[in-house]
Trainee: 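Handing you this structure, nothing more for now.
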Amino acid sequence: EMGIRGPVTPQQREDLRRLQASQRHLLGLINEVLNYAKLETGAVHYELSAVRTRDALAGAEALVAPQAQVKGLTLTVTACDPDLAVRADAEKVRQILVNLLSNAVKFTDRGGRVALDCELSGDAVHVRVRDTGIGVAADQHERIFDPFVQVRSDLTRTAEGTGLGLAIGRDLARGMGGDLTVKSTTGVGSVFTLALPRA
């Protein structure tokens with residue numbers, strides 16, 4: 001790519017770009033499997049502290065906004081109360097939110113909407129990722145949290161993955177004293193809710 005072996009043609013640059021994209025995809029798949037293996041063996045360590053919800057949402061949005069923009073989606077984030085915080089591991093909260101937002105972008109058609117918001121409900125903070133995507137059938141709502149499950153392969157063929165993101169997300173949420181749930185209607189969209197203890 002740097003031209004060490006001689007001039008690089010535009011076609012070679014395109015080939016290199018595709019190789020790099022495939023490399024990043026493969027690395028992502030490997031990391032998901034390794035993360036799941038850590039969870040299964042109980043090797044995950046949680047650094048619990050007060051995490052400002054507003055900062056967690058902004059951090060996740062920044063990482064996913066370029067994907068949404070490329071796909072022509074509207075991504076909105078409703079600002080949380082600046083004083084609202086959860087007792088959680090900041091890195092793991094970001095991991096869950098980025099996965100949920102990435103899924104929402106992946107399974108929402110061009111021109112659709114993805115929204116992120118939060119609210120206090122009793123002693124828990126609920127962070128919601130809403131989309132106008134393909135949705136999930138009611139009988140699959142629990143199954144999608146099982147490892148290696150990808151519902152409707154005909155719909156997900158263009159958006160490959162390991163089927164571990166939601167399984168990891170729910171396990172991480174529960175490891176921090178919270179939970180990850182879904183409400184969804186096929187062809188209408190989904191709402192994934194991450195519930196975490198209020199700090």
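Basis for what follows: all heavy atoms, side chains included, without hydrogens, waters or symmetry-related copies. Residues: numbered from 1 along the sequence shown.
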Trainee: Side-chain contact test, heavy atoms from C-beta onward, threshold under 4.5 Å: evaluate it for Met176 versus Leu196 and give yes or no.
Mentor: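 Yes, at least one pair of side-chain atoms sits under 4.5 Å.
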Trainee: For Asp123, does the CG atom sit with more than 12 other heavy atoms under 6.0 Å from it, leaving out its own atoms?
Mentor: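 Check fails, neighbour count at 12 or below.
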Trainee: Using 0.5 Å steps for rounding, measure from the OG atom of Ser190 to the CG atom of Asn103.
Mentor: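 One finds 9.5 Å between OG of Ser190 and CG of Asn103.
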Trainee: Taking side-chain hydrogen bond (donor to acceptor under 3.5 Å, both in side chains) as the definition, give me every residue that meets it alongside Arg13, ordered by chain and number, with sequence neighbours left out.
Mentor: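 Arg13 satisfies side-chain hydrogen bond (donor to acceptor under 3.5 Å, both in side chains) with no residue once adjacent residues are dropped.
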Trainee: Looking at Asp131, Ile144, Val136, Ile134, which one forms a side-chain contact (heavy atoms from CB on, under 4.5 Å) with Ser184?
Mentor: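 Going through the options one by one, the only one that passes is Val136.
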Trainee: Taking only residues two or more places apart in sequence or in another chain, which ones pass side-chain hydrogen bond (donor to acceptor under 3.5 Å, both in side chains) with Asp117?
Mentor: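 Listed in chain order: Arg128, Arg130.
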Trainee: Please determine whether residues Val8 and Leu19 belong to a single hydrophobic cluster, defined as Ile, Leu, Val, Met, Phe, Trp and Tyr linked transitively by side-chain heavy-atom distances below 4.5 Å.
Mentor: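 Yes, Val8 connects to Leu19 through the hydrophobic network.
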Trainee: Where do Leu120 and Arg198 land on the side-chain contact (heavy atoms from CB on, under 4.5 Å) test, with the steps shown first?
Mentor: CA-CA 8 Å; Leu120 180 62; Arg198 183 182 187 182; 3.2 Å; yes
Trainee: What's the verdict on side-chain contact (heavy atoms from CB on, under 4.5 Å) for Leu84 and Arg54, showing C-alpha distance, side-chain angles and the deciding distance?
Mentor: CA-CA 7 Å; Leu84 187 60; Arg54 190 176 195 171; over 6 Å; no
Trainee: Does the side-chain contact (heavy atoms from CB on, under 4.5 Å) test come out yes or no for Thr108 and Val114, once each step is laid out?
Mentor: CA-CA 8 Å; Thr108 300; Val114 176; 4.3 Å; yes
Trainee: Would you compute the distance between atom NZ of Lys71 and atom CZ of Arg110 and round it to the nearest 0.5 angstrom?
Mentor: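 Reported value, rounded in 0.5 Å steps: 8.5 Å.
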Trainee: What is the minimum heavy-atom distance between Phe192 and Leu166, and which atoms define it?
Mentor: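 Of all heavy-atom pairs spanning Phe192 and Leu166, the closest is CE2-CD2, 3.9 Å.
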Trainee: I'd like to know whether CD of Gln12 has more than 12 heavy-atom contacts from other residues, nucleotides or ligands below 6.0 angstrom.
Mentor: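 Enclosed: over 12 neighbouring heavy atoms sit under 6.0 Å from CD of Gln12.
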Trainee: For residues Pro147 and Leu164, report the shortest heavy-atom separation together with the two atoms involved.
Mentor: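 Closest pair (atom of Pro147, atom of Leu164, distance): CB-CD2, 3.8 Å.
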Trainee: Hey, does the side chain of Asp89 reach the backbone of Leu48 with a donor-acceptor pair shorter than 3.5 angstrom?
Mentor: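 Judged by distance alone, no pair lies under 3.5 Å.
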Trainee: State yes or no: do Val127 and Val191 share one hydrophobic cluster built from I, L, V, M, F, W and Y residues joined by side-chain heavy-atom distances below 4.5 Å, directly or via other members?
Mentor: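 As far as the 4.5 Å side-chain criterion goes, Val191 and Val127 are not connected within one cluster.
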Trainee: Determine, stepwise, if the pair Val182 / Thr193 fulfils side-chain contact (heavy atoms from CB on, under 4.5 Å).
Mentor: CA-CA 6 Å; Val182 66; Thr193 303; over 6 Å; no
Trainee: Would the distance check show the side chain of Lys92 and the main-chain N or O of His45 forming a donor-acceptor pair, the cut-off being under 3.5 Å?
Mentor: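 Side chain of Lys92 to backbone of His45: a pair is present.
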Trainee: Does anything in residues 77-130 pair up under disulfide (SG to SG under 2.5 Å), and if so which pairs, sequence neighbours excluded?
Mentor: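 Every disulfide (SG to SG under 2.5 Å) pair that includes a residue of residues 77-130, provided the two are not neighbours, is Cys80-Cys118.
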Trainee: Would you please name every residue forming a side-chain hydrogen bond (donor to acceptor under 3.5 Å, both in side chains) with Arg18, sequence neighbours left out?
Mentor: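 If we apply the side-chain hydrogen bond (donor to acceptor under 3.5 Å, both in side chains) test to Arg18, skipping adjacent residues, the hits are Asp15.
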Trainee: Write down the atom of Ala104, the atom of Val129, and the distance for their closest heavy-atom approach.
Mentor: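 Between these two residues, the closest heavy atoms are CB-CG1, 4.0 Å.
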Trainee: To the closest 0.5 Å, what do you measure between CZ (Arg170) and CG (Asp179)?
Mentor: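 Arg170 atom CZ to Asp179 atom CG measures 5.5 Å (nearest 0.5 Å).
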Trainee: Does a donor on one side chain sit under 3.5 Å from an acceptor on the other, for Arg17 and Gln20?
Mentor: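 No - no donor-acceptor pair under 3.5 Å links their side chains.
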Trainee: Looking only at non-hydrogen atoms, find the nearest pair between Ala85 and Val125 and report the distance.
Mentor: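 Distance-wise, the nearest heavy atoms are O-CG2, 4.1 Å.
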Trainee: Restricting to non-hydrogen atoms, name the atom on Val64 and the atom on Ser102 that form the minimum distance, rounded to 0.1 Å.
Mentor: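 Result for this residue pair: CG2-OG, 3.9 Å.
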Trainee: So which pairs with a foot in residues 168-199 pass disulfide (SG to SG under 2.5 Å), sequence neighbours left out?
Mentor: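 As it turns out, there is no disulfide (SG to SG under 2.5 Å) pair with a partner in residues 168-199 once direct neighbours are skipped.
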Trainee: To the closest 0.5 Å, what do you measure between CG (Leu116) and CD (Glu61)?
Mentor: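 Reported value, rounded in 0.5 Å steps: 7.5 Å.
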Trainee: Of all heavy-atom pairs between Val51 and Ala56, which one has the smallest distance, and what is that distance?
Mentor: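 Of all heavy-atom pairs spanning Val51 and Ala56, the closest is CG1-CB, 4.4 Å.
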Trainee: With Asp109, which residues qualify under side-chain contact (heavy atoms from CB on, under 4.5 Å), at least two apart?
Mentor: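 Applying side-chain contact (heavy atoms from CB on, under 4.5 Å) to Asp109 gives none.
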Trainee: Determine whether Ile96 and Leu63 fall in the same hydrophobic cluster, where Ile, Leu, Val, Met, Phe, Trp and Tyr are linked whenever their side-chain heavy atoms lie under 4.5 Å apart.
Mentor: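 Yes, one cluster joins them.
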Trainee: When rounded to the nearest 0.5 angstrom, what distance separates CZ in Arg113 from CG in Leu73?
Mentor: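 Going from CZ on Arg113 over to CG on Leu73, the span is 10.5 Å.
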Trainee: Do Gln95 and Ile168 have side chains that approach each other closer than 4.5 Å (heavy atoms only, starting at C-beta)?
Mentor: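 When only atoms from C-beta onward are counted, Ile168 and Gln95 do touch, with a gap below 4.5 Å.
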Trainee: Hey, what do you get for CG (Asn99) to CZ (Arg94), rounding to the nearest 0.5 Å?
Mentor: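 Reported value, rounded in 0.5 Å steps: 14.0 Å.
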